Colleague: 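Just dropping this structure here.
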2 protein chains.
Amino acid sequence: MYSAAMSMNTSERLIEATRELLWERGYVGTSPKAVQQAAGAGQGSMYHHFAGKQDLALAAIRRSAEELGAAAEAVLGGTGSAYARIEAYLLRERDVLRGCPVGRLTMDPEVIADPELRAPVEEVLGRVRARIAEVVQEGLDSGELSGGLDPEEIAATVLATVQGGYVLARATGSRAPFDTAVRGLLTLLAP
Amino acid sequence: MYSAAMSMNTSERLIEATRELLWERGYVGTSPKAVQQAAGAGQGSMYHHFAGKQDLALAAIRRSAEELGAAAEAVLGGTGSAYARIEAYLLRERDVLRGCPVGRLTMDPEVIADPELRAPVEEVLGRVRARIAEVVQEGLDSGELSGGLDPEEIAATVLATVQGGYVLARATGSRAPFDTAVRGLLTLLAP
DNA sequence: GTCTATAAGAAGATAGAC
DNA sequence: GTCTATCTTCTTATAGAC
């Protein structure tokens, strides 16, 4: 059962349970049966609300992407200097060992092969990347960051460091490599 | 059938087929049956050579890790300045859209949950990270790289950028974000 | 809306013949 | 070493009753 969610209706519980399972096991590793058990819903109930596994995953992925975009915007659109906001993004509270609920899906062959499932993943990662680039541009305009930097390049480096930090952390079973990689990047970016 | 490998014996073909499937679909997404078909081997044949799925995956993962370590050492242990060798590592030929055959496994819940399967992944990523740190240290010692850098941190940033670059590339279906992230990092590292 | 029944095929083996 | 048979459980549904 989706323990933190007894007050949700069945459709909501199914989506939330799917989000958790996709995060932990990916699309290939998540079965409708596992979703039903986690949501406390029956077989017929699930197929009443959703057309099938793909349909349910689509709802779950869209919501996770939306949430990720909002969380990124919350720090990148905050107050402070450009460097401070990028630092806030990098140091933002994260469940490092669980990885990124969206980035994780890029390693799933069936998500990547399905344009509908891949679309929200591509869209939100592109949006966050563009938003970081805007902040870098602001830092260049104000003279806060050094002149030779390309905003799009630095934004890709920042996002890649985060996504790759998850990989290193999960490989070691410790969040330390994630934090180390972030500190390295912050040193390189330091005005 | 493992098309490029008709001359290998059954055991070899099974390992190579497993490496390909683990790379593409992960451990959770790879079935013994799929391995057998890709290797052109029968059920009984596979279970004669290997105790089961985990045993076969262990052989495959160990080999992929070994290969990755050797490829990294080939560029990091080459000639040239510290920066040039790190640049060579970052620009090294890669099948970007396929991702990293080793890093990819960190997103697999059953690999991460199994100490035997995770060990080669952790070991080789740690080894590459330490090797990059050595090269950064050489650059600091020679005065080629700026003084304020921590070798361990920069090494983690370099490896994370690569691993995260794969994520961004697969999300968009294009290798461009990988190359962009690498260029950003090279700009930040430039002596 | 939710439940149970049914089903073809895959997953991950084990057993024993050849 | 390789092959076929067999087994249990899981996967991903569909059909129809309540």
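Below, chains carry the letters A, B, ... as their sequence lines are ordered, and counting in each starts from 1. Just so you know, these numbers use all the heavy atoms, side chains as well, and skip hydrogens, waters and symmetry mates. Predicted model only: the values in this text are computed from it and were never measured.
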Colleague: Tell me whether the side-chain N/O atoms of A:Thr10 come closer than 4.0 Å to OP1 or OP2 in C:dT2.
Modeller: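 Indeed, a polar side-chain atom of A:Thr10 lies that close.
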Colleague: Ignoring backbone atoms, establish whether B:His49 has a side-chain N or O less than 4.0 Å from OP1 or OP2 of D:dT2.
Modeller: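 Yes, within the criterion.
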Colleague: Between atom CD in A:Gln36 and atom P in D:dA13, what is the gap in whole Å?
Modeller: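 Nearest whole value for this atom pair: 11 Å.
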Colleague: Does a salt bridge link A:Asp179 with A:Arg175, judged by any charged N lying under 4.0 Å from a carboxylate O?
Modeller: yes
Colleague: List every contact pair, protein side and nucleotides 11-14 of chain C side both N or O, where the distance is under 3.5 Å.
Modeller:
{"residue": "C:dA11", "atom": "OP2", "partner": "B:Ser31", "partner atom": "OG", "Å": "3.2"}
{"residue": "C:dG12", "atom": "OP1", "partner": "B:Lys53", "partner atom": "NZ", "Å": "3.3"}
{"residue": "C:dA13", "atom": "OP2", "partner": "B:Lys53", "partner atom": "N", "Å": "3.2"}
{"residue": "C:dA13", "atom": "O5'", "partner": "B:Tyr47", "partner atom": "OH", "Å": "2.9"}
{"residue": "C:dA13", "atom": "N7", "partner": "B:Gln43", "partner atom": "NE2", "Å": "3.2"}
{"residue": "C:dA13", "atom": "N6", "partner": "B:Gln43", "partner atom": "NE2", "Å": "2.6"}

Colleague: Quick one: A:Leu21 CG to D:dT12 P, roughly how many Å, whole number?
Modeller: 12 Å
Colleague: Under a 4.0 Å N-O cut-off, is there an ion pair linking B:Glu134 with B:Arg131?
Modeller: yes
Colleague: For the pair made of CG in A:Leu56 and C1' in D:dT11, what is the distance, rounded to whole Å?
Modeller: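 To the nearest whole Å, that distance equals 15 Å.
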Colleague: Whole angstroms only, please: what is the NE2-P distance between B:His48 and C:dG16?
Modeller: 18 Å
Colleague: Does B:Arg98 qualify as a cation-pi partner of B:Trp23, given the criterion of NZ or CZ under 6.0 Å from the six-membered ring centre and within 45 degrees of its axis?
Modeller: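 Yes, B:Arg98 lies over the aromatic ring of B:Trp23.
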Colleague: Is the backbone of B:Leu159 close enough, under 3.5 Å, to the side chain of B:Arg129 for a donor and an acceptor to pair up by distance?
Modeller: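 No: the side chain of B:Arg129 does not pair with the backbone of B:Leu159.
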Colleague: Could you state the CG-C1' distance from B:Asn9 to D:dT2, rounded to the nearest angstrom?
Modeller: 14 Å
Colleague: Can you confirm if the NZ or CZ of B:Arg94 lies within 45° of the ring axis of B:Tyr89 and under 6.0 Å from the centre of its six-membered ring?
Modeller: yes
Colleague: Is the closest basic N to carboxylate O distance between A:Arg25 and B:Glu110 below 4.0 Å?
Modeller: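 Salt bridge present between A:Arg25 and B:Glu110.
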